[in-house]
Amino acid sequence: MKFSCRRTDLLDAVNIAERAVASKSTMNILEGLFIEAKENEIRFLGNNLELCIDCSIPGTVDVKGSCVVKANLFSDAVKKLPAHVDEAKIEVNESNVILLSCGNAKFNFSIAGADDFPRPQEIDAIDDICVKEYLLKNMIRQTVYAVSQNDTKPYLTGILFDVKQNELSVVGCDGYRLAIRREELIHENPLKFIMQGKTARELLSLLGETDYEVKIKVSDKQAQLTLKNCTVTTRLIDGDYLNYEGVAKHENTLFIVTDTKDIADSIDRASLIASEAVKAHVLLKIEDGQVHINCETVLGQVKDKFEVEMQGDPIEIAFNPRYLLEAFKNADCKEIKLSFSTALNPVVIQPAEGNSFYYIVLPVRVH
């Protein structure tokens, strides 16, 4: 195998493909990066058996071939190539060593044969959808923060894609909060699948802000996303998701509308004395067109207040400040509406106008 390519293209491809490389595995081959030189194209592949990323770049191929190289070593070497040189050269010699050179910098690493490396297969799709790249990125960002980090209920560690009645809903939930993001999508057949939270977070780094149509093909066990610069194949989570629409139905009696930044800044100030080590809640007292915020721990006390548009009866209710902050920071609108019923029932957070997102956060019981 022997080829040359632009150093920046090589760096981009390695950065993308290594996201799917296993950091530690009982199968050593999965800790490697698969490289294949084809006709005027070089392919880079990472695969940890749950997530596979396949990326190709143009290049000048003198000798076709393939190999697997230790991903962390090769990646670090590529990142350290001299920035003032445009061309990188790669060659595998007869001693099963890969030679990487760029300007005066030269590296060589031992390699493994490519035959045992698992290649992605074309999935047997039962359906597919197309979503604009920037829209998919925003929908994932505004829901993935709410997925569970505890695998006692595996389906809650992923985000649900739910297509019906020409609408796509993306849903994240961990049992304490629920995030729903909706967008119109012209698609006749209903479709549901649960994408792993780990995959969704990697997609945030891979997706851009363009109108490029990302195609998502779905089978019973896998989803395959065709992005502008790579193909991502991921294992789906088995099982049925919770009835999020039933959870989202509430009869509320108090409604406030406020500037998103104002309430986020106030909660942020109040949570100054709260941390993972010092468990604390923020207490919201809503009355007479004002929200009074109080947070008190062994470290001290923070109080704040701000004015809101208010309709309904006063309430005192407490929350985990992180859950509120993550909802506010991902709201992406100037004003939000908060709806309450009792101190034991969740708050519903929506845009002041429209229904593109719907967040539910359970309160903390205050004794």
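Reckoned from all heavy atoms, side chains included, excluding hydrogens, waters and symmetry mates. Nothing here was measured: the structure is a model prediction, and the numbers come from that model.
Linking ILVMFWY side-chain heavy atoms closer than 4.5 Å, directly or via other members, places Tyr145 and Met195 in two distinct hydrophobic clusters. When hydrophobic clusters are built by joining Ile, Leu, Val, Met, Phe, Trp and Tyr residues whose side-chain heavy atoms come closer than 4.5 Å, directly or via intermediates, Phe161 is not grouped with Tyr155. Note on Val69 and Leu45: separate hydrophobic clusters, where clusters join Ile, Leu, Val, Met, Phe, Trp and Tyr whose side-chain heavy atoms are under 4.5 Å apart, directly or indirectly. The hydrophobic clustering, which links ILVMFWY residues whose side-chain heavy atoms are closer than 4.5 Å, places Leu236 and Leu136 together. Val92 and Ile29 fall into different hydrophobic clusters, where Ile, Leu, Val, Met, Phe, Trp and Tyr are joined by side-chain heavy atoms under 4.5 Å apart, directly or via other members.
For the pair Ser271 (side chain) and Ile267 (backbone), a donor-acceptor distance under 3.5 Å is present. Formation of a donor-acceptor pair under 3.5 Å by the Asp259 side chain with backbone atoms of Asp262 is found in this model. Checking side-chain atoms of Asn47 against main-chain N and O of Leu49 turns up a donor-acceptor pair under 3.5 Å. In terms of modelled atom types and a separation under 3.5 Å, the side chain of Asn150 and the main chain of Thr152 share a donor-acceptor contact. In this structure a side-chain-to-backbone donor-acceptor pair under 3.5 Å is present from Thr143 to Ile140. With hydrogens and angles ignored, the 3.5 Å screen pairs no side-chain donor or acceptor of Glu133 with any backbone N or O of Tyr212. Judged by distance alone, with hydrogens and angles left aside, the side-chain atoms of Asp174 form a donor-acceptor pair with the main-chain N or O of Arg177 at under 3.5 Å. Judged by distance alone, with hydrogens and angles left aside, the side-chain atoms of Thr260 form a donor-acceptor pair with the main-chain N or O of Cys333 at under 3.5 Å.
Atom CD of Gln301 sits in a crowded spot, with more than 12 heavy atoms from other residues, nucleotides or ligands closer than 6.0 Å. Applying the 6.0 Å contact sphere to CG of Asn189 captures more than 12 heavy atoms from other residues, nucleotides or ligands. Around atom CG of Asn243, more than 12 heavy atoms belonging to other residues, nucleotides or ligands sit under 6.0 Å away. A 6.0 Å sphere centred on CD of Glu353 holds no more than 12 heavy atoms belonging to other residues, nucleotides or ligands. More than 12 heavy atoms of other shown residues, nucleotides or ligands fall within 6.0 angstrom of atom CD in Glu209. With a 6.0 Å radius and a threshold of 12 heavy atoms from other residues, nucleotides or ligands, Lys79 has its NZ atom above the threshold.
Put simply, CG on Asp127 and NZ on Lys217 are 12.0 Å apart, with the number rounded to the nearest 0.5 Å. We find the CG-CZ distance between Leu100 and Arg7 to be 11.5 Å, quoted to the nearest 0.5 Å. Taking NE2 of His84 as the reference point, atom SG of Cys102 lies at 7.5 Å (rounded to 0.5 Å). Interatomic distance, CD of Glu309 versus CD of Glu307, reported as 11.0 Å (0.5 Å rounding). Here the CG-NZ distance, from Leu73 to Lys70, works out to 7.0 Å after rounding to the nearest 0.5 Å. With values rounded to the nearest 0.5 angstrom, Arg182 atom CZ is found 11.0 Å from Leu168 atom CG.
Salt bridge annotation for Arg43-Glu41: absent, with no cationic side-chain nitrogen under 4.0 angstrom from a carboxylate oxygen. Glu213 has a carboxylate O that lies under 4.0 Å from a charged side-chain N of Lys132, or vice versa, which qualifies the two as a salt bridge. Salt bridge annotation for Glu245-Lys164: present, with a cationic side-chain nitrogen under 4.0 angstrom from a carboxylate oxygen. Ionic pairing of Glu326 and Arg322 is present here: one or more N-O contacts between side-chain nitrogen and carboxylate oxygen are shorter than 4.0 angstrom. In this structure, Lys221 pairs ionically with Asp238, as a charged nitrogen and a carboxylate oxygen lie closer than 4.0 Å.
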May I have the step-by-step check of side-chain hydrogen bond (donor to acceptor under 3.5 Å, both in side chains) for Asp304 and Ser266, ending in yes or no?
CA-CA 7 Å; Asp304 199 4; Ser266 186; 2.9 Å; yes
CA sep, side-chain torsions, deciding dist, call: Lys89, Glu91, salt bridge (charged side-chain N to carboxylate O under 4.0 Å, His left out)
CA-CA 7 Å; Lys89 298 178 181 179; Glu91 180 180 357; over 6 Å; no
Ile98 and Asn93: side chain to side chain contact (heavy atoms under 4.5 Å, CB included), yes or no, with the steps?
CA-CA 7 Å; Ile98 189 168; Asn93 65 19; over 6 Å; no
Before giving the answer on side chain to side chain contact (heavy atoms under 4.5 Å, CB included), spell out for Tyr176 and Val361 the whole-Å C-alpha distance, their side-chain angles and the decisive distance to 0.1 Å.
CA-CA 6 Å; Tyr176 300 99; Val361 181; over 6 Å; no
Under the criterion side-chain hydrogen bond (donor to acceptor under 3.5 Å, both in side chains), I'd like the reasoning laid out for Arg235 against Gln222: C-alpha separation, chi angles, the key distance, then a yes or no.
CA-CA 5 Å; Arg235 182 179 63 81; Gln222 292 180 303; over 6 Å; no
Do Glu31 and Ser25 pass the side-chain hydrogen bond (donor to acceptor under 3.5 Å, both in side chains) test, and can you show the C-alpha distance, the side-chain angles, and the key distance before you say yes or no?
CA-CA 7 Å; Glu31 297 176 21; Ser25 174; 5.4 Å; no
Stepwise salt bridge (charged side-chain N to carboxylate O under 4.0 Å, His left out) check, Lys303 with Glu296:
CA-CA 9 Å; Lys303 289 187 174 183; Glu296 198 169 346; over 6 Å; no
Chi angles and distances behind the side chain to side chain contact (heavy atoms under 4.5 Å, CB included) call for Asn229, Ile16:
CA-CA 9 Å; Asn229 52 4; Ile16 289 170; 3.4 Å; yes
Could you give me the CA-CA distance, side-chain angles and deciding distance for Val147 and Arg201, then say whether side chain to side chain contact (heavy atoms under 4.5 Å, CB included) is met?
CA-CA 11 Å; Val147 304; Arg201 292 186 188 93; 3.2 Å; yes
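If you check the side chains of Asn330 and Arg141, you find a donor sitting under 3.5 Å from an acceptor. No side-chain donor from either of Ser219 and Asp124 sits under 3.5 Å from a side-chain acceptor of the other. At a cut-off of 3.5 Å, with distance as the only test, no side-chain donor of Glu184 or Asn166 sits close to an acceptor on the other residue.
Heavy atoms only, all atoms of each residue included: Ile57 and Cys5 are closest at CD1-SG, 4.0 Å. Nearest heavy atom pair, residue Thr297 against residue Ala280, reads CG2-CB, 3.3 Å. Here the shortest heavy-atom pairing between Glu39 and Lys64 reads OE1-NZ, 3.1 Å. The minimum heavy-atom distance between Thr253 and Ser341, with the atom names listed, is OG1-O, 3.5 Å. Contact record, Cys130 with Leu185: O-CD1, 3.3 Å, taken as the closest heavy-atom pair. Annotation for Lys137 and Leu207: closest pair NZ-O, 3.1 Å, computed over non-hydrogen atoms.
Counting heavy atoms from C-beta on, the side chains of Glu316 and Leu284 never come closer than 4.5 Å. For the pair Phe340 and Asn345, the minimum side-chain heavy-atom distance is 4.5 Å or more. Residues Leu344 and Arg365 are in side-chain contact: their nearest non-hydrogen atoms beyond the backbone lie under 4.5 Å apart.
Ring pair Phe109/Phe74 is perpendicular by interplanar angle, where above 60° counts as perpendicular and below 30° as parallel. The aromatic rings of Tyr241 and Tyr244 sit perpendicular to each other, their planes meeting at more than 60°, with 30° as the lower class boundary.
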